[in-house]
Each structure stands twice: as structure tokens, then as C-alpha cells.
Amino acid sequence: MAAGSDNAPLIAIVGETASGKSELAMQIAEKFNSEIIAADSWTVYKDFNIGTAKPSAQERARVPHHLLDIADPRKGFSAAEYKRLTVAASADISSRGKLPILVGGTGLYIDSVLFDYSFLPPATPEIRVTLNSLSIEELLQKILEADLDTLGLDLRNKRRLIRLLETNGARATRGELRPNTLIIGVQIPHEKLREQITTRVDAMLTAGLENEVAQLAQKYGWNVEPMKGIGYGEFHDYFNGTQSLEQTRERVIGATVNLAKKQRTWFKRNYSIHWISKQAEVVELVTTFLNK
RNA sequence: GCAGGGUUACUCAAGCGGUCAACGAUGGCAGACUGUAAAUCUGCUGGCUUCGCCUUCGAAGGUUCGAAUCCUUCACCCUGCA
């Protein structure tokens, strides 16, 4: 069966960071003979463990997890690669008679799979470097000269302009929601989320986040992509001595809260999500879905 | 007690007679989003019956056609001399 035409049942559990979706997914997975596919742009990187809240070895022993530790921090990663690997993993899980559960908070990655995004060819590094050095005005000038259609494009977002030039004006497309898919959204009150984020950041610090960051900085330097992520980048000033550990902690918490907000905004526009607040509802939803 | 500096919207901070409901930053809210997405970008952020009106720039008076901007007094804070 071609990966793209795989129509076996698929469940996606989405939500803000620290909303409790991972634990929920574990329970559903154990109950329904499933395997989990992480839908997270940071847990794909190997060696970045504590700060990304990556599932532990014990959790992975309880339920098989896919798409973790598959990217080299030095090389970066992309949504297109994510889609390809996830579609394949999902088909593989289904072919073994198990239920794939997509779990995560990276909206673009999730939607790329659920709505069959058609990614355009990747950029060539040399061209990107060149385009990156240009100003927005210069990029617009080039777009004008190439007579590319800018309809609906955010002309103030440099990355979008560069991408338009790279694809020579081609636009990617988005399909309908994948058939036989159940999307569950975990939502909790803002106040409670903030509490859980604080608790989780403190747990990360207790688990040795500082030490992990120090080692990763040593191994990869501060410029690799995942090093700029929440829970890592904030430590740069701390190791420089210009910021206390408490200030670092607060910055990490603040950045996480902001991330949660952005995630909420992304998921809000997806009307196919079944938002739930109690776990009991989920078992019922999944049961009904599978018996259809 | 004398001399000088300060008091601006949630916070920080510009403004120094009209173009000021008041630059900017942070914070907050909302949104966009297809090969960097924990990224990148956008809008709003005194009140309201929102092409306009109302109430603001420590307080109260005053000068002026017109004041956050000038003058007087008062309150509080900081600095130097006592």
C-alpha cells in the first residue's frame, strides 16, 4: 500500500505543551493496543532530552514510540521530512494490526499529515544564503522582476518572500482531512496550565537540565537549531554569568507559556478537533470511533 | 533649612507651547502560518454610542487663542551644602 493512500484508523491527540496530552496518550495506547508517533519538532532531535520533555525509557518500554531521536542537531529538520517519516511509520503500525496515535503540539507537523500537505522542493543552501542577505525591498524587487504572483502572501515576512523565490512562485496545497481520523484536543484552563508549566520546568531543573544544557553546548555549540529552543537558549546568559538561575527559570517558564498560546491559536482554527476536558470522554470517543 | 534633579498610561521610558491619547521597550490580547514552525510575521493595547467625542501626563491654581510642555503653591522621592 502506498503510504499516502493509507486509510487505516489514525488518532491524533493534540494540545498545548504541558497540557497532559502525553500521559493521556499513554493510557489510550495501552488500552487500545497502540503505538505512539511523536508530533513534536524538538523531540525529533537526539540528545535533547530533559528540556524537550521527551518520553523516558520507561515510558517507551510501556508503549513503543516513533519519530524520537531521529534528527541530528547539527543538520536540522523539516516539516516535510516529518510528514514523510510519519506517514510511513503510521502505515507500518497499521500493517502490524496496531493503532497509530499521533501525539504532540507542533501544529504544522500534525496538519502536514492530517491534511496531506504537498511540500515543494527544498531550498538549496547556497541560494538561501544569498537570498537571506537581501533586504525585503530587494526581495520584492526580484519577485517583481520574475513576475511571481504574491496574492495572499505576507509581504512583510522575509521568509515567505525567500520561499516564494526559491519555489519560483509555486504554492503548496493542502488537502481535506485524512479519512478515518479522530482528532482529540486536550484543553485545560489557563491558570492550571501555567501551574503545570511551572511544575514541569521545576521538575526539569531537578532532573538536571542545567547539566544537560552544559553538555549539549559543549558538544554542539549554541548555534544549532534545537539549542535555540525553550529551556536551552535561556541558559546562554546564565552560563555567561549575566543571569541568575532563578531568572533563567522564570524566562523558561515565560517562554513556555507563550509557546502554549501560539499552539492554542494554531489548533483553534481546526474545527475537526474534539476538545475534551475529562479523560473518561476520550475512552468513549475512541471506542466509538474504532467501532464505526 | 538652602541649592539642584525628579514625579508621564500595568511596568520601564521619550516628549519640553499647537501636528499629543501622547515616540519607544516590556508586558497583555488577538491573528497569520506548507521543507527553520519552540521558527517567522501581523494587528490591537485610556474610555466610549469609535470617520467623532470624553477623561488623562503627582495635586491645586495661573499665564496663553492653545499646556504633558511656561509660572506659583503644595505633596512625595533623589542628590549636594548645612
Side-chain angles (χ1 to χ4, degrees), chain A residues 14-19 38-45 48-54 71-87 104-125 127-129 131-132 136 139-140 150-176 190-191 194 197 200-201 204 209 213 223-236 247 250-270:
Chain A
V14 306
E16 298 151 23
T17 183
S19 62
D40 185 298
S41 62
W42 292 77
T43 55
V44 293
Y45 290 108
F48 286 71
N49 303 137
I50 298 174
T52 60
K54 197 180 283 175
D72 181 336
R74 278 172 286 245
K75 294 191 178 135
F77 195 65
S78 75
E81 283 178 74
Y82 178 81
K83 184 200 170 192
R84 194 179 310 127
L85 294 170
T86 293
V87 168
T106 303
L108 175 65
Y109 285 16
I110 292 163
D111 283 0
S112 76
V113 174
L114 300 188
F115 293 95
D116 192 26
Y117 279 20
S118 69
F119 289 97
L120 296 163
T124 46
I127 293 178
R128 176 158 292 187
V129 169
L131 292 176
N132 244 323
I136 286 187
L139 290 167
L140 283 170
T150 59
L151 186 69
L153 200 75
D154 181 354
L155 299 179
R156 282 177 289 198
N157 191 336
K158 196 169 166 181
R159 290 197 179 174
R160 301 267 142 74
L161 301 181
I162 290 174
R163 194 64 192 135
L164 187 74
L165 285 163
E166 285 175 348
T167 60
N168 197 30
R171 300 292 185 91
T173 60
R174 165 199 171 101
E176 296 291 303
H190 294 195
E191 284 313 303
R194 204 192 162 88
I197 286 173
R200 188 163 86 173
V201 169
M204 286 175 176
L209 180 59
V213 180
N223 289 323
V224 297
E225 202 56 33
M227 212 55 187
K228 297 169 190 163
I230 297 169
Y232 295 95
E234 291 85 359
F235 270 93
H236 203 168
Q247 287 172 314
E250 270 162 26
R251 275 181 61 192
V252 173
I253 291 170
T256 308
V257 168
N258 283 334
L259 166 64
K261 254 177 222 156
K262 288 209 274 193
Q263 292 174 314
R264 201 180 308 146
T265 300
W266 181 284
F267 294 125
K268 229 186 256 180
R269 67 177 181 176
N270 184 344

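Every chain is numbered from 1, with letters handed out A, B, ... down the list of sequences. Only this structure's heavy atoms are used, side chains among them; waters, hydrogens and symmetry mates stay out.
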Point to revise | Any side-chain heavy-atom pair of Gln263(A) and Leu259(A) under 4.5 Å | key: yes
Practice item. For Tyr109(A), answer base if it contacts any base atom (sugar-phosphate contacts may also be present), sugar-phosphate if it contacts only those atoms, and nothing otherwise; contact means non-hydrogen atoms under 4.0 Å. Key: sugar-phosphate
Check your understanding: Think Arg174(A) forms a cation-pi with Phe115(A), using NZ or CZ under 6.0 Å from the six-ring centre and within 45 degrees of its axis?
Key -> yes
Check your understanding: Taking the side chain of Ala172(A) as heavy atoms from C-beta outward, which of rA39(B), rU34(B), rC33(B) is closest to it?
Key -> rU34(B)
Check your understanding: What nucleotide, of rA38(B), rC41(B), rU34(B), holds the atom closest to the side chain of Arg156(A)?
Key -> rC41(B)
Check your understanding: For Glu250(A), what residues pass the side chain to side chain contact (heavy atoms under 4.5 Å, CB included) criterion, not counting sequence neighbours?
Key -> Glu246(A)
Exercise for review: Return the nearest nucleotide to the side chain of Ser41(A); candidates are rU34(B), rA30(B), rA38(B).
Suggested key: rA38(B)
Study note, to complete from the structure: Of the listed rA38(B), rU34(B), rU36(B), the closest approach to the Asn132(A) side chain comes from rU36(B)
Practice item. Can you figure out which of rG31(B), rA38(B), rU34(B) approaches the side chain of Lys268(A) most closely? Key: rG31(B)
Review point. For the side chain of Arg159(A), counting heavy atoms from C-beta on, which of rC33(B), rA39(B), rA37(B) is nearest?
Key: rA39(B)
Check your understanding: Considering only rA38(B), rA30(B), rU36(B), which nucleotide approaches the side chain of Ile230(A) most closely?
Key -> rA38(B)
Review point. Is any side-chain N or O of Asp154(A) under 3.5 Å from a base N or O of rU42(B), one able to act as donor and the other as acceptor?
Key: no
Check your understanding: Does the pair Tyr232(A) and Thr52(A) meet the rule for a side-chain contact (heavy atoms from CB on, under 4.5 Å), with working shown?
Key -> CA-CA 9 Å; Tyr232(A) 295 95; Thr52(A) 60; 4.0 Å; yes
Check your understanding: Could you give all pairs that pass the salt bridge (Lys or Arg N to Asp or Glu O under 4.0 Å) test and reach residues 252-269 of chain A, with sequence neighbours left out?
Key -> Glu16(A)-Arg264(A)
Exercise for review: Could you summarise the pairing of RNA chain B as dot-bracket text, marking Watson-Crick and G-U pairs under 3.5 Å with ( ) or [ ] inside the strand and | across strands?
Suggested key: ((((((((..[[..)..(.....]].((((((.......))))))(((...)))...[[[[[..)....]]]]]))))))).
Practice item. Find the distance Trp266(A):CH2 to rA32(B):P and express it as a whole number of Å. Key: 10 Å
Review point. Would you call Leu139(A) and Lys158(A) a side-chain contact if the rule is heavy atoms closer than 4.5 Å?
Key: yes
Check your understanding: Between Tyr82(A) and Tyr109(A), how do the two ring planes meet: parallel, tilted or perpendicular, split at 30° and 60°?
Key -> parallel
Check your understanding: Has the side chain of Arg171(A) got a donor or acceptor atom sitting under 3.5 Å from an opposite partner on the base of rU34(B)?
Key -> no
Practice item. Ignoring the backbone of Asn157(A), work out which of rA39(B), rC41(B), rA38(B) is nearest its side chain. Key: rC41(B)
Revision key, fill the gap. Out of rC33(B), rC29(B), rA38(B), minimum distance to the side chain of Lys261(A) belongs to rC29(B)
Review point. Between rA38(B), rU36(B), rC33(B), which nucleotide gets closest to the side-chain atoms of Thr265(A)?
Key: rC33(B)
